[in-house]
Amino acid sequence: MDHSCTNCKLVLFKFLHAFFLLCMSTCLESTALRSLTLLGNERDRLALLDFKKRITADPLDVMSSWNHSIHFCSWVGVSCHRSTKRVLMLNLESQKLVGSIPPSVGNLTYLTGINLGANNFHGEIPPEMGRLQSLQYLNLSYNSFRGVIPTNLSQCTQLKVLDLEDNRIKGSIPNQLSSLLNLKCLLLYGNSLIETIPPWIGNFSSLRFLYLGSNNLQGSIPNELGHITGLVEFIVELNNLSGMVPSSIYNVSSIQIFSVAVNQLHGELPPNLGTMLPDLAEFYCNENKFTGNIPISLSNASRLQILEFSGNGLSGTVPGESVGSLQSLLKLTMEFNQLGNRKVGDLSFLSFLANCTSLEVLALSGNNFGGAIPGSIANLSTQLKYLILGGNFIHGSLPNGIGNLINLTALHLENNHLDGSVPHEIGKLEKLERLYLGSNEFSGSIPSSLGNMTSLLNLHMEFNRFEGNIPPSLGNYRNILDLNISSNNLTGTIPKTLMELSTLSVSLDLSDNYFTGSLPFQVGDLVHLTELNVLRNNLSGEIPSNLGSCTSLERLYLQGNKFEGTIPQSLKDLKGLERLDISSNNLSGQIPEFIGELGALKYLNLSYNDFEGELPKKGIFANTNGVFVVGNHRLCGGIPQFYLPSCHPKKHHSSRGLFSPKVVIPIACALAIIIALSCLFGACSMLKKSRDRLITSHSYKDWKSGVSYSQLFESTNGFSVDNLIGSGSFGSVYKGIIPSDGTVVA
């Protein structure tokens, strides 16, 4: 029993010893782990503080929380592991931060995510980021990072999202990134990447989003990309890609957004496109060299919302029934192709589009569509905002039903053969911002209902046959930037209300009409206007002096009118004026010196007026390339290249004052009158004396009977009245004194 007890004690001792050793070991390991954790936490804290030092601007004061008063896991944008307190996530997206990323970011080895998107970080992406082997999410998009993509990122094999969109990264896509087999999102859009698309991207079987657009990538689209069977969004637009789109890409049936726009790709679109890509929602192939027809099979892609075919060589007719079945369609653009046959019925497909009740954009300009606009246009979606039909061969009148499209903001009908009057119903388009009717054959008056479009920004009605007056209602526009009604048959005066459109900033073009009267004085209120063009009208009067208030003017065209008077001195304030044409008017006086001081002036035409005096020599007048002065015959001087006569030197003031014709002629006339009056009074005195002698030598009866001319001649010692009057203007006075019978009566 004692032996058994001794054994128990021995076993117990061994157990307690073993337990003690185990406790000591666990305690030591825990202490070591705690020490390592504390060391790691300090390394994370120092790395974060180093990051803070690199921030040079923080307008939202985000980094103020990064201080010693609170644990770094509570700093704004920092997320830590719950137990280890190691930094797992750094999220400072859209905080308007300015700065760079320090290499010490590589010390945050437990990071799984970095999101610095939509800030203003610059500099290069530090290669030390390759040490973040737990990193799964890296978003540096919408910043100003430069340099190349670090090859060390290939060590971040857990990466699922690599987003470097909209930076200034250059170079090629590094081949080392082929190790990132877990990528689901490769977003490199909007940089300056060059060379070709790497074929190894096709090995990323988990990839769902591939954004390589808006770079300088060249070559062809690799066939291997067709191996990414789960791809949802395929975007390689805005590059210099060439060749044909591999058929394997069209076989990736999971694609919802497909964009190869703005490249140099060619070939035909697959006839079964809609069948191969049944989930397609957005399809962009615009601005390439695709030919052939628009696939009829598009009706199978019933989820389609956006179809952009513009800027290719597509031909044939538009499959109206197929496209019209796409009830979710929001945007359909087919501009600048070869669609249509310039025949009646080319636009009949528009009737099918009435089923697209959500349609907002319909752009068909720059094709061969002929015939008239069908009345069914009135049945298009009331959600339609853009209707673009310019640059075709459309004729006939504009249907009254156009007024049903009450949400239109842009209506383009320019460069067609439309005729007749513009329907009054167009005034129902009160949300319209852009109206282009130019280069058609519209006639009649401009509808006053256009004034209802108070949101209008651009109004173009040039090169038509509109007639009558400008309706005063055009002065209702609150936001108008550009107004062009040139090259019509408009008459009357320019309404003052037109000069009250103070928002006009691009152009006011009234040229090539038949406007009369003066240019309204209120033109000076157009202080934001860049171009004023009233050339070739019948405007008269003086150039308004307050035109100098239009200090934003860069181009001023007044030629071909009947303006008179001098060039207003106020034009000296047009410091930004680049082109000035006042030729073919009735302007006179001297050419002001200040024109040569307009430093921005590049073109000046003063031809065919009545300017006089010396031509300035400074500024634009020092070069004949941009100055025209022909047809001003009283100009002189200037630089020799103008071949004007020399200006005569001015005479001394006193000499000019004494012998000037303006002085000599009046003096000569006065002297002549004085001499004539002296002779007249002398003659009257002599006549009186002769009569007295006759009265004394003859009786009253004899006087009554008259005195002969011979007697009068003898008694006046031969003085003849003809000697006095000669051929002068006083002759009629004396002819009344001497009757035709030779007697003189009292």
Side-chain angles (χ1 to χ4, degrees), residues 273-274 280-283 293-310 314 316-335 337 339-413 416 418 420 422-437:
L273 176 65
L280 200 59
E282 300 177 18
F283 183 81
N293 299 327
I294 296 174
I296 298 177
S297 63
L298 288 174
S299 58
N300 293 313
S302 58
R303 299 177 185 176
L304 264 170
Q305 295 180 332
I306 298 176
L307 277 173
E308 291 206 13
F309 298 115
S310 298
L314 300 174
T317 59
V318 177
E321 190 171 356
S322 174
V323 176
S325 67
L326 303 174
Q327 297 184 13
S328 299
L329 196 63
L330 299 174
K331 185 176 183 180
L332 176 61
T333 68
M334 306 185 206
E335 298 177 277
N337 281 283
L339 297 167
N341 300 302
R342 304 188 186 185
K343 295 181 179 179
V344 174
D346 280 348
L347 295 174
S348 59
F349 68 90
L350 292 178
S351 60
F352 293 102
L353 297 185
N355 298 323
C356 304
T357 54
S358 299
L359 192 63
E360 295 180 359
V361 178
L362 178 59
L364 308 174
S365 63
N367 280 286
N368 294 323
F369 293 120
I373 299 175
S376 60
I377 197 171
N379 300 324
L380 290 177
S381 166
T382 55
Q383 302 303 311
L384 196 65
K385 295 179 180 179
Y386 298 88
L387 179 58
I388 316 296
L389 301 176
N392 281 286
F393 297 87
I394 304 170
H395 59 76
S397 59
L398 182 60
N400 294 344
I402 193 71
N404 290 2
L405 308 178
I406 56 174
N407 283 305
L408 272 184
T409 60
L411 177 59
H412 288 238
L413 300 172
N416 279 289
L418 294 166
V422 175
H424 183 79
E425 287 78 3
I426 199 171
K428 295 179 181 179
L429 308 179
E430 296 183 4
K431 295 183 180 180
L432 207 62
E433 296 178 358
R434 290 156 40 190
L435 177 59
Y436 288 83
L437 303 177

Nearest-0.5 Å distance that lies between atom CG in Leu380 and atom OG1 in Thr382
10.0 Å

Would you check if Val361 and Leu384 make a side-chain contact, meaning some heavy-atom pair closer than 4.5 Å?
no

Applying side chain to side chain contact (heavy atoms under 4.5 Å, CB included) to Leu298 and Leu304, what does each step give before you reach the verdict?
CA-CA 8 Å; Leu298 288 174; Leu304 264 170; 4.0 Å; yes

Between Lys431 and Asn407, is there a side-chain donor-acceptor contact under 3.5 Å, judged purely by atom types and distance?
yes

Decide side chain to side chain contact (heavy atoms under 4.5 Å, CB included) for Leu350 and Leu362; before the verdict, give the C-alpha distance in whole Å, the side-chain angles of both, and the deciding distance to 0.1 Å.
CA-CA 10 Å; Leu350 292 178; Leu362 178 59; 3.7 Å; yes

Looking at OH of Tyr386 and CG of Leu411, how far apart are the two atoms once the value is rounded to the nearest 0.5 Å?
13.0 Å

Between atom CD1 of Ile406 and atom CD of Glu430, what is the distance when rounded to the nearest 0.5 Å?
9.5 Å

Please check: side-chain N/O of Asn341 versus main-chain N/O of Gly316, any donor-acceptor pairing under 3.5 Å?
no

What is the minimum heavy-atom distance between Leu435 and Ile426, and which atoms define it?
CD1-CD1, 4.2 Å

Backbone of Leu432 reached by a side-chain donor or acceptor of Thr409 within 3.5 Å:
no

Of all the heavy-atom pairs spanning Gly370 and Asp346, show the shortest one and how long it is.
N-OD2, 3.0 Å

List the steps, then state whether side chain to side chain contact (heavy atoms under 4.5 Å, CB included) holds for Leu364 with Phe369.
CA-CA 8 Å; Leu364 308 174; Phe369 293 120; 3.9 Å; yes

Main-chain N/O of Gly274 paired to Asn300 side chain as donor or acceptor, under 3.5 Å:
no

Would you mind telling me which of Thr317, Asn392, Asn368, Asn367 makes a side chain to side chain contact (heavy atoms under 4.5 Å, CB included) with Leu339?
Asn367

Are Glu335 and Ile388 close enough, and set up right, to give a side chain to side chain contact (heavy atoms under 4.5 Å, CB included), and what steps lead you there?
CA-CA 9 Å; Glu335 298 177 277; Ile388 316 296; 3.6 Å; yes

Give a yes or no on whether the backbone of Leu389 and the side-chain of Asn416 come within a donor-acceptor separation of less than 3.5 Å.
yes

Mind checking the CG-CG spacing from Leu353 to Leu329? Nearest 0.5 Å is all I need.
8.0 Å

So, for Ser381 and Cys356, which heavy atoms are closest and what is the spacing to 0.1 Å?
CB-O, 3.5 Å

Where is the tightest heavy-atom contact between Ile373 and Pro399, given as atom of each residue plus distance?
O-CG, 3.5 Å

Could you give the distance from NZ (Lys385) to CD (Glu433), rounded to the nearest 0.5 Å?
10.0 Å

Nearest-0.5 Å distance that lies between atom OH in Tyr436 and atom CG in Leu413
12.5 Å

What I want to check is whether the side chains of Ser358 and Gln383 have a donor and an acceptor closer together than 3.5 Å.
no

Answer yes if the side chains of Ser310 and Thr333 hold a donor-acceptor pair under 3.5 Å, and no otherwise.
yes

If you measure from the Lys or Arg side-chain nitrogens to the Asp or Glu carboxylate oxygens, is any gap between Lys331 and Glu308 under 4.0 Å?
yes

Can you name the closest pair of heavy atoms from Leu326 and Ser299 and give their distance?
CD2-CA, 4.0 Å

How far apart are the closest heavy atoms of Ser322 and Pro295, and which atoms are they?
OG-O, 4.4 Å

